[in-house]
Amino acid sequence: FDYVALGDWHGCREAGMGGKAWYSGTHETDRFPRCDDYSPGHALVVRAMRGGAPVVERVGTGQSSWKRLVMSLSDDSDIAKIEPAASALFPKGMPGHLLHLTISGPVSLQGETALANVLEKLSARLLGLKLENQTVAAPSPAEMENLIDKRLNPLLGGLAARLLAIQTGPDAAKAKLALRELYRLAIS
């Protein structure tokens, strides 16, 4: 054999036989990469000669790119870093591209709203946004102080203080969720 063209592999790669066997892959990127050597979106231009080694040239044909971004937020200020980090992955602009975004870390309740706005903007600019949102939203100390302040609203303040006390018991998860919803009701 002087050259063997193989199929059923979506990435472009040499398959052995001393450079005589190749997968061309798909002409358009069709999924997020699963490994480092996954290289879709190419066609191969091959010059094969009887008894000689083929000359294989990769030609980029894909118009869309599928990128991954993992960000760990340390506080609300890191939310503003998400959009610039995503934009840096697509130097020619985001339309026509897809992003798999994984975010984690703590955010305040106001930060949760800011995060939702950033994600909405990203989603509108991209062809597709696959999101793994592992952030944990909890009231900041200032948000809790305003919620518990009985001078502002005695009923809400008393309820918030009781829910805050429950946060260390067996119903802690329910109390945290109730505090988040109470805060949302109080600010709307």
Side-chain angles (χ1 to χ4, degrees), residues 7-14 22-45 56-147 167 172-173 176-188:
D8 202 33
W9 178 259
H10 291 230
C12 180
R13 70 181 178 125
E14 182 183 338
W22 283 78
Y23 289 100
S24 65
T26 55
H27 295 266
E28 185 59 65
T29 307
D30 64 344
R31 66 178 177 210
F32 293 105
R34 294 184 180 155
C35 57
D36 290 337
D37 68 347
Y38 181 74
S39 180
H42 293 90
L44 296 178
V45 175
V56 180
E57 177 187 355
R58 293 181 192 209
V59 177
T61 56
Q63 297 298 307
S64 64
S65 60
W66 299 49
K67 302 286 185 171
R68 289 183 187 268
L69 177 61
V70 177
M71 293 193 70
S72 180
L73 310 178
S74 57
D75 57 35
D76 288 356
S77 66
D78 288 342
I79 294 169
K81 298 175 184 175
I82 295 172
E83 195 168 0
S87 294
L89 293 174
F90 308 103
K92 295 181 181 178
M94 289 187 181
H97 301 290
L98 296 97
L99 177 65
H100 181 175
L101 175 62
T102 303
I103 49 175
S104 61
V107 293
S108 71
L109 298 179
Q110 284 182 330
E112 187 178 41
T113 301
L115 178 61
N117 290 336
V118 166
L119 295 175
E120 186 177 331
K121 286 179 187 175
L122 273 178
S123 183
R125 292 178 59 201
L126 289 160
L127 179 61
L129 175 63
K130 180 178 180 181
L131 177 64
E132 289 184 50
N133 186 348
Q134 301 166 358
T135 58
V136 177
S140 69
E143 289 170 332
M144 281 308 302
E145 191 175 303
N146 286 338
L147 193 57
Q167 280 193 331
K176 287 178 182 179
L177 182 60
L179 270 170
R180 286 173 58 194
E181 294 306 314
L182 183 63
Y183 182 82
R184 284 191 183 96
L185 290 171
I187 63 167
S188 55

So which heavy atom on Gly7 is nearest to which on Tyr23, and how close? O-CE2, 3.0 Å

Side-chain atoms of residues 87-97: list all donor-acceptor pairs with protein atoms under 3.5 Å, sequence neighbours left out, distances to 0.1 Å.
unit_1, atom_1, unit_2, atom_2, d
Ser87, OG, Glu83, O, 3.1
His97, ND1, Ser65, N, 2.9
His97, ND1, Ser65, OG, 2.9

Looking only at heavy atoms, what is the nearest atom pair of Pro40 and Thr26, with distance? CB-OG1, 3.6 Å

Taking all non-hydrogen atoms of both residues into account, name the closest pair between Leu44 and Ser24 and its distance. CD1-CA, 3.7 Å

Look up atom OG1 in Thr113 and atom CD1 in Ile79, then write down how far apart they are to the nearest 0.5 Å. 9.0 Å

For Thr29, is there any backbone N or O sitting under 3.5 Å from a side-chain donor or acceptor partner on Trp66? yes

Residue pair Thr102 / Leu69, side-chain heavy-atom distance below 4.5 Å: no

By salt bridge (charged side-chain N to carboxylate O under 4.0 Å, His left out) - contacts of Lys81 (at least two apart): Asp78

Going by the rule salt bridge (charged side-chain N to carboxylate O under 4.0 Å, His left out), which residues pair with Glu143 if we only count those two or more places apart in sequence or in a different chain? none

Rounded distance [0.5 Å steps], CD1 in Ile103 versus CG in Leu101: 5.0 Å

Take a 6.0 Å sphere around CD of Gln134 and say whether it holds more than 12 heavy atoms from other residues, nucleotides or ligands. yes

Would you please say whether a donor-acceptor pair under 3.5 Å links the side chains of Glu28 and Thr61? no

Salt bridge (charged side-chain N to carboxylate O under 4.0 Å, His left out) with Glu132: which residues, sequence neighbours excluded? none

Can you find a heavy atom in the side chain of Leu122 that is under 4.5 Å from one in the side chain of Ile82? yes

Return a table of donor-acceptor pairs under 3.5 angstrom between the side chains of residues 104-112 and protein atoms on other chains or two or more places apart.
unit_1, atom_1, unit_2, atom_2, d
Ser108, OG, Asp76, OD2, 2.3
Ser108, OG, Gln110, N, 3.4
Ser108, OG, Gly111, N, 2.9
Glu112, OE1, Arg184, NH2, 2.2
Glu112, OE2, Arg180, NH2, 2.8
Glu112, OE2, Arg184, NH2, 3.4

For Glu120, salt bridge (charged side-chain N to carboxylate O under 4.0 Å, His left out) partners two or more places apart: none

Would Arg58 and His42 count as having a side-chain donor-acceptor pair, cut-off 3.5 Å? no

More than 12 heavy atoms of other groups within 6.0 Å of Glu14 CD: yes

